[in-house]
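Counting convention: from 1, in listed order, for ligands and their atoms alike.
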Amino acid sequence: MTNAATLDPDDLAFDPDALREKYRIERDKRLRADGNEQYLRIAEDFAGYALDPYVEAPLQREPLTDEVEIVVIGGGFGGLITAARLREAGFDDVRLVEQGADFGGTWYWNRYPGAACDTEAYIYLPLCEELGYVASSKYAFQPEILEHSRAIARHYDLYRGALLQTAVTALEWHAGSARWIVRTNRGDSLRARFVVQSNGPLTTPKLPGIPGIGDFRGHSFHTSRWDYDYTGGGPDGDLDRLGDKRVAVIGTGATAVQCVPHLGAAARELYVFQRTPSSIDVRANRPTDPAWAAGLEPGWQRERMENFNVLTSGGIVEQDLVQDGWTEIIRNLISTANFRGTDIPREEVPRLMELADFQKMNQIRDRVDEIVRDPATAEALKPWYRQFCKRPCFHDEYLPTFNRPNVHLIDTDGRGVEAITAEGVVAGGRLYLVDCIVFATGFEVGTAFTRRAGYDVTGREGRRLSEEWSDGMRSLHGMFVHGFPNLLITSNAQSGFTTNFPHAMDERARHLVYVLDRCRTDGVRTLEATAAAQDAWVEEMLAASRFNEEFLASCTPGYYNNEGQPNRRSVQDGPYGRGPVRFFRLLERWRAEGGLDGLERR
Ligand code: NDP
């Protein structure tokens, strides 16, 4: 384990200056002037890639024009947790509106083979104690997580009144009646006193703007719309229709890391096109010990979530309850505990953290050498950047897949795929003939909220959210917006971000339910953020991010740093920079004060 004592600069087994320089060179290879613009607008040009392949029974129904108290947009974890907490607080008249044919959000869409949660399932699956459920393994696979989403909906009776296979197309505030009008692609115009938006952070699949991408005559799909009719098999693998197929995967992020082992096991030939390698740490998944599960005491899930959150935010806990790759990495890299009780001056800490990072990434690179037999392939699979420049990955079968004779890593040395033709994929000046292209190219981040949501919001006096946020998001705590009464938002933006997303969703749900409950008891008709409170929160967002600016700029491009172009807007639209522990405490204090400070009520 890394700690301050093993990081004596005079006694290192590596040269920090050489590594820093190597990281800079690798970053510079990947920087490109078009940044986030390199990706296509899928909704406009390639809408077929976003269609739902999982619908069993296409919905036919008449448009609705009725009224409910609260509409929740989004039936993923965020919407489910919020609706569940609302039901617990006695709000019965709640309607979920969801684009998919069922609940689950990201776990509805991402059914690619091998999909599983990367955060421990005991803390990642929401509302486990409420449902009396413990996941079957430390990291649960997609079918179990989707089923758990359905179980939450059944437990809280959330199917009642829900509108599935329904996408919101517009939200309009009607001042006279103090109601939102929610318009949908099914012709509905629903009325609601309050609207909760839970649109999700990574929902709009994106395609790279590779020349010729529309010319390919073989089969292709995005990982979040997996075509099992073509590949055969299912989320557990066994892709039995690929035995005679040459398959290309474009992308090597967290999604590709999980599906490549299954493609490698099934395809006649698999070509993995890599621009930037991911960092692949140990996964060590294991079945749940029934005796351990039976012995869990009431309050166990909350305690475990908080323990993980404090630890992964750099705080100190007596015992690491989760003990996995996340807690190990973060404890070593950022824990102030490493420096407590030592006489290391504060200003030395960032440099020591950098050394710890080098050491950790050396370990990741050594792991590649230990597993991958071909030295050139192993070299190409090594990531050269600091650990949190990109999403760390954990997998025990991804790297061994490159030892298969039918699996070929096509490393593009940071340049990416050059072109796509009718027959295949071009990289390094060579055409690879393939029958199928799987785009593991991720989701839109950093584009306008209203573009990702797929609708605009018209608030008081005709204000449009797309215009109000054209220079960046403006809100109080990421949840309330001036000029948009009775609109409540749950998202990472301008809010506390944790590795364990559902934890933050639950904290926000409790906060929103508190505010709605106060509206009920105080007889509030409308409420919105004051302009002053919103301005102050935006200032605090910008101030809180400063310590992170240098780090982001030094990173290889990716969605964490606005594709290598971190700027005021990407920071303003990002999560709260002082971390989730501070953010959750801030919300708790705000509630304890009881004055709904910064919210204008009528
Ligand atoms: P990412 O955005 O992380 O990865 C996209 C990949 O496509 C990158 O490897 C990128 O390369 C590559 N790419 C883009 N354009 C090109 C091009 N022109 N040529 C070649 N390669 C290209 O998407 P993912 O779907 O993998 O993951 C998105 C996020 O979803 C994760 O970060 C994580 O938060 C979440 N996720 C979580 C999982 C879990 O919890 N288990 C599993 C999967 C995803 P480059 O890196 O150079 O940009």
Side-chain angles (χ1 to χ4, degrees), residues 26-27 29-32 34-40 77 105-107 109-121 124-125 139-142 145 200-213 222-226 248-260 271-280 283 285 324-326 381 383-385 388-395 398 409-420 425-428 437-446 492 497-502 555-564:
E26 292 293 329
R27 177 203 61 182
K29 276 183 198 169
R30 291 165 173 83
L31 285 174
R32 37 192 288 172
D34 55 359
N36 219 1
E37 293 301 311
Q38 67 185 281
Y39 296 103
L40 299 172
F77 276 5
T106 203
W107 299 104
W109 295 106
N110 289 280
R111 301 181 187 202
Y112 57 82
C117 60
D118 263 357
T119 303
E120 188 196 66
Y124 180 79
L125 294 190
Y139 303 96
F141 287 89
Q142 179 271 341
I145 306 178
L202 295 158
T203 48
T204 310
K206 77 183 183 205
L207 292 179
I210 299 170
I213 190 169
H222 188 272
T223 46
S224 66
R225 306 290 189 273
W226 197 273
V249 180
I250 299 182
T252 50
T255 297
V257 166
Q258 293 188 329
C259 67
V260 157
Y271 299 95
V272 181
F273 289 87
Q274 171 179 275
R275 189 164 67 179
T276 310
S278 283
S279 145
I280 319 287
R283 166 68 125 186
N285 198 8
D324 71 352
W326 288 108
L381 282 165
W384 297 101
Y385 45 80
F388 282 96
C389 287
K390 283 198 175 281
R391 168 72 150 63
C393 298
F394 305 89
H395 214 285
Y398 177 72
L409 179 72
I410 312 301
D411 179 48
T412 63
D413 195 24
R415 286 184 293 272
V417 166
E418 278 159 35
I420 292 178
V425 180
V426 181
I437 301 177
V438 179
F439 288 100
T441 45
F443 303 87
E444 281 196 22
V445 178
N492 288 328
F497 169 87
T498 71
T499 302
N500 186 20
F501 275 35
C555 276
T556 191
Y559 76 84
Y560 280 14
N561 69 348
N562 196 34
E563 299 298 332

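Checking Glu26 against Tyr385 by side-chain atom types alone, no donor-acceptor pair falls below 3.5 Å. Donor-acceptor pairing under 3.5 Å is recorded for the side chains of Asp411 and Gln274.
Nearest residue to atom 12 (C) of ligand 1 from Pro383, Gly251, Gly414 is Gly251 (criterion: closest heavy atom). Nearest to atom 30 (O) of ligand 1 by heavy-atom distance, out of Leu202, Thr441, Thr252, is Leu202. Proximity annotation for atom 26 (O) of ligand 1: of Thr106, Thr119, Val425, Thr255, Thr255 comes nearest, heavy atoms only. Relative to atom 36 (N) of ligand 1, the option among Cys117, Pro201, Ala254 with the closest non-hydrogen atom is Ala254. If you check each of Ala440, Gly253, Gly558 against atom 5 (C) of ligand 1, the one with the closest non-hydrogen atom is Ala440. The heavy atom nearest to atom 13 (N) of ligand 1, considering only Arg32, Arg275, Gln142, is found in Arg275. When Tyr560, Phe439, Phe443, Tyr559 are ranked by how near their heavy atoms come to atom 31 (C) of ligand 1, first place goes to Tyr559.
Heavy atoms of Tyr112 found under 4.0 angstrom from ligand 1 belong exclusively to the side chain. Of the heavy atoms in Thr412, none comes closer than 4.0 Å to ligand 1.
Taking only nitrogen or oxygen atoms, main chain and side chain alike, Trp107 does not reach within less than 3.5 Å of ligand 1. Where the criterion is an N or O separation shorter than 3.5 Å, residue side chain and backbone included, Ala116 meets it with respect to ligand 1. Distances between N or O atoms of Glu563 and those of ligand 1 include no value under 3.5 Å. For Gly416, no nitrogen or oxygen atom sits less than 3.5 Å from a nitrogen or oxygen atom of ligand 1, counting backbone and side chain alike.
When each of Leu125, Thr106, Asn110 is checked for a side chain to side chain contact (heavy atoms under 4.5 Å, CB included) with Ile145, only Leu125 meets the rule. The one candidate from Val417, Ile437, Val425, Thr441 that meets the side chain to side chain contact (heavy atoms under 4.5 Å, CB included) condition with Ile210 is Val417.
The shell of residues lying under 4.0 angstrom from ligand 1, judged by heavy atoms, excludes Phe501. Not a single heavy atom of Arg30 sits closer than 4.0 Å to an atom of ligand 1. Contact annotation: Lys390 has at least one heavy atom less than 4.0 Å from an atom of ligand 1.
Salt-bridge annotation for Arg283 and Asp118: present, with a side-chain N of the basic residue lying under 4.0 Å from a carboxylate O of the acidic one.
Of all the atoms in ligand 1, the ones that sit under 4.0 Å from a non-hydrogen atom of Tyr39 are 14 (C), 15 (N). Ligand-side atoms of ligand 1 in range of Pro208: 15 (N), 18 (N), range being under 4.0 angstrom from any heavy atom. Less than 4.0 angstrom separates some heavy atom of Ile250 from each of these atoms of ligand 1: 20 (C), 21 (N).
Between Tyr124 and Phe77, the ring center distance clears the sub-6.0 Å criterion.
Using cut-offs of 30° and 60° for the angle between ring planes, the Tyr398 and His395 rings count as perpendicular.
A distance-only check finds a donor-acceptor pair linking the side chain of Asn561 to the backbone of Cys555 [under 3.5 Å].
Lys206 forms no cation-pi arrangement with Phe443, by the criterion of a distance under 6.0 Å to the ring centre and an angle within 45° of the ring axis.
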